[in-house]
Amino acid sequence: MNDVLPYPLAKDGWLHTARWRYVEGLFRDICRRYGYREIRTPILEQTELFARSIGEATDIVSKEMFTFTDRGERSLTMKPEGTAPAVRACLEHKLFAAHPMLKLYYVGQNFRYERGQKGRYRQHQQLGVEVFGASDAAIDAEVILLAMEFYRALGVEDQELHINSVGTAASRPAYREALRDFVRPFLAEMSVEGQTRFEANPLRMLDTKDESDLRLLADAPRLVDFLDEDSRVHFETLQAYLTAAGVPYTLDHRLVRGFDYYSKTCFEIIGTKLGSQNALGGGGRYDGLVEECGGPSTPGIGFGLGMERCLLVLDALGIVLSVEDERPLAFLVTLGDEAKVRPAAVKLLADLRAAGLAADMDYRSRKFGQQAKRADELGARYLLVLGDGELERGVVGLRDQNTKEQSDVPLPEIIARLQELAP
RNA sequence: GCGAUUGUAGCUCAGUCGGUUAGAGUGCCAGGUUGUGGCCCUGGAGGUCGUGGGUUCGAUCCCCAUCAUUCGCCCCA
């Protein structure tokens, strides 16, 4: 995890709180428009939750969780992802009973114990949505549209949607064996990585960047040809919906997901103008998860994206966000006899702020030049000059930092004047 | 989890084949200039040399560990 700072650094400008707020705000806004409500779950969960939902054999559960024993001898884990905790929370509060259809979004921290790298952190922030209770592919399409709209709103125009269907837990074994049978004759020619996956998780053989493996797998059997009737119809329906919505997509027969709980639809949004780290986000359907966690049989689908990667992608694409303006409108500089001027300055500043204006001053009893420099640092658009002379005349100097033109404004009128000038 | 890499002033980086007081540029502060800045001149502050051990008369430098960074793998967001 990186610290997120109040000022942009020359290097790593993406670690600026204003940018994070902007992206989060955009996400919240889109979620609200799509009818999603926010859920916040705690960082700590019982380890059992993840072991059961994500799968004991997955890398995440077997070696990438922050797990510890608390004083009561309970095994707790800092959440490595957001879906299982959301399911747990809905079960605990019986939301599935009260709301057969739930559309949720979250913005939160996930933790994975692994080697840090650019765009991969032990603590990362994830933005995501989860929908429970709808099995029609129309909701799959909605989640996909939401994700793509989010990136479009950020200015990422060049996106590609990749979709696939991994079928159900019941139909997958047949495919897995077919894939193994296909690969077995030339297993020795596969990369070491591919050979490992052949045993551990055959589907993941598909998800390789190894050119040679890709050639060997060119004519491998496809998941879509092994789908059960329900999954096949669902997948075709999704494609029809996407076409109707005018969303181009690519059937990616090698697209699979890492967690055990996924079923049917899986998708990824790819940034086409990026290099190897081109995945903008992904998601999929998990119809068995709620039941697996002890709840009623409830279909579900979700999507997630990493905040850090999102910001790095924006940087890579040279996209400049119009973040919240944190500059003060006015910066008050004082001159002359401090004992007389300071009280008036404190009062004026208080009045400006009470009127809703962003105003500041230096507080360090420095000469004019230094105070003005501070005003520039902060990006103030107007300088308010207050000294003995101004006090006697009952005015304050108003100086436009762009034009450098300064004029006196009667003190009682300064607020109204600044309000006119405020953007 | 594996293999590398880097860590010295706020920032960007020198440097010490192990030896007095660790430097530069930039930034910061002050004065020149006690009412109108950004230039210039002069001066100043600022360092547990990532952290903890070890070797040594002596460690910022060598060794070990650890934390963090970056890169490749693994995995994923």
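Naming: A, B, ... by sequence-line order, numbering from 1 per chain. Just so we're clear, the structure is a prediction, and the values are computed from it rather than from any experiment. Side-chain atoms are counted along with the backbone in the values below, which use heavy atoms only and exclude waters and symmetry mates.
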Roughly how many Å is it from CD in A:E64 to P in B:C73, rounded to a whole number?
16 Å

Across the strands shown, which category fits A:Q401 at heavy-atom distances under 4.0 angstrom: base, sugar-phosphate, nothing?
base

Pair A:Y175 + A:F226: ring centers closer than 6.0 Å:
yes

Base of B:G38 paired with side chain of A:K404 (donor-acceptor, under 3.5 Å)
yes

Is there a side-chain contact between A:E326 and A:R21 in this structure, where contact means two heavy atoms from C-beta onward sitting under 4.5 Å apart?
yes

B:C41 and B:C61: how far apart are their C1' atoms, nearest whole angstrom?
39 Å

Closest listed nucleotide, where the reference is the side chain of A:Y113 and the choices are B:G1, B:A30, B:G35:
B:G1

Between A:L15 (CG) and B:U70 (C1'), how many Å, whole number?
14 Å

Rounded to the nearest Å, what distance is computed from the CG atom of residue A:L398 to the C1' atom of nucleotide B:U36?
14 Å

Could you check whether A:E81 gets within reach of a base, just the sugar-phosphate, or nothing at all, counting any heavy atom under 4.0 Å?
nothing

Please work out if A:G304 contacts a base, only the sugar-phosphate, or nothing of the nucleic acid, heavy-atom cut-off 4.0 Å.
nothing

Using the P atom on both, measure B:A30 against B:G35 and round to a whole Å.
14 Å

Using atom CZ of A:R122 as one end and atom P of B:C76 as the other, report the distance to the nearest whole Å.
18 Å

When the C1' atoms of B:C29 and B:G7 are considered, how many whole Å apart are they?
28 Å

Could you work out the separation of B:U20 and B:G52 based on their P atoms and round it to a whole Å?
22 Å

How many Å lie between CG on A:L312 and C1' on B:C71, as a whole number?
15 Å

Do any side-chain nitrogens or oxygens of A:K373 fall under 4.0 Å of OP1 or OP2 in B:C28?
yes

Taking atom C1' in both B:C62 and B:C17, compute the distance separating them and give it to the nearest angstrom.
12 Å

For the side chain of A:L335, starting at C-beta, report the closest nucleotide among B:C76, B:A77, B:U36.
B:U36

Would you indicate, yes or no, if B:C29 has its OP1 or OP2 atom less than 4.0 angstrom from a side-chain nitrogen or oxygen of A:R366?
yes

Donor-acceptor pair under 3.5 Å, A:R364 side chain vs B:C29 base
no

Could you tell me whether the side chain of A:D351 reaches within less than 4.5 Å of the side chain of A:K347, counting heavy atoms only?
yes

Distance (rounded to the nearest 0.5 Å) between A:K103 NZ and A:I301 CD1
12.0 Å

Rounded to whole Å, the CE-P distance (A:M65 to B:G1) equals 14 Å

Have a look at A:R285 and tell me which of A:V166, A:L238, A:I139 forms a side chain to side chain contact (heavy atoms under 4.5 Å, CB included) with it.
A:I139

Determine the Euclidean distance between corresponding P atoms of B:C63 and B:G27; express it in Å to zero decimal places.
38 Å

Using the P atom on both, measure B:C76 against B:A9 and round to a whole Å.
39 Å

Of B:C75, B:C76, B:A30, the nucleotide closest to the side chain of A:R112 is B:C76

For B:G1, which nucleotide is its Watson-Crick or G-U wobble mate, given both distances must be under 3.5 Å?
B:C73

Suppose we call a contact any N or O donor and acceptor under 3.5 Å apart; does that hold for the side chain of A:E114 and the base of B:A77?
yes

Are more than 12 heavy atoms, taken from residues, nucleotides or ligands other than A:R40, located less than 6.0 Å from that residue's CZ atom?
no

Describe the nucleic acid contact of A:R197 in one word from base, sugar-phosphate, nothing, applying a heavy-atom distance below 4.0 Å.
sugar-phosphate

Opposite nucleotide pairing with B:U42, Watson-Crick or G-U, both atom distances under 3.5 Å:
B:A30

Taking the same atom, P, in B:G25 and in B:G44, what whole-Å distance lies between them?
13 Å

Side-chain N or O of A:Q117 closer than 4.0 Å to phosphate OP1/OP2 of B:C76:
no

Length of the CD1-P vector between A:I60 and B:C75, whole Å
12 Å

For A:G336 and for A:R115, find the nucleotide of RNA chain B with the closest heavy atom, then tell me which residue's nucleotide is more 5'.
A:R115

Side-chain atoms of A:K367 come closest, of B:U70, B:G32, B:A30, to B:G32

Specify the separation, in whole Å, of atom CZ of A:R374 and atom P of B:G38.
18 Å

Judged by each residue's nearest nucleotide on RNA chain B, which is more toward the 5′ side, A:G281 or A:K63?
A:K63

If you look at every strand shown and take non-hydrogen atoms under 4.0 Å, does A:E390 touch a base, only sugar-phosphate, or nothing?
base

Looking at A:Y113, is A:R122 sitting on its ring face, NZ or CZ under 6.0 Å from the six-membered ring centre and within 45 degrees of the normal?
yes

State plainly whether the residues A:R152 and A:E149 are in salt-bridge range, i.e. N to O under 4.0 Å.
no

Mind checking if A:D388 touches a base, just sugar-phosphate, or nothing, with heavy atoms under 4.0 Å?
base

Mate of B:A68 across any strand shown (Watson-Crick or G-U wobble, both atom pairs under 3.5 Å) is B:U6

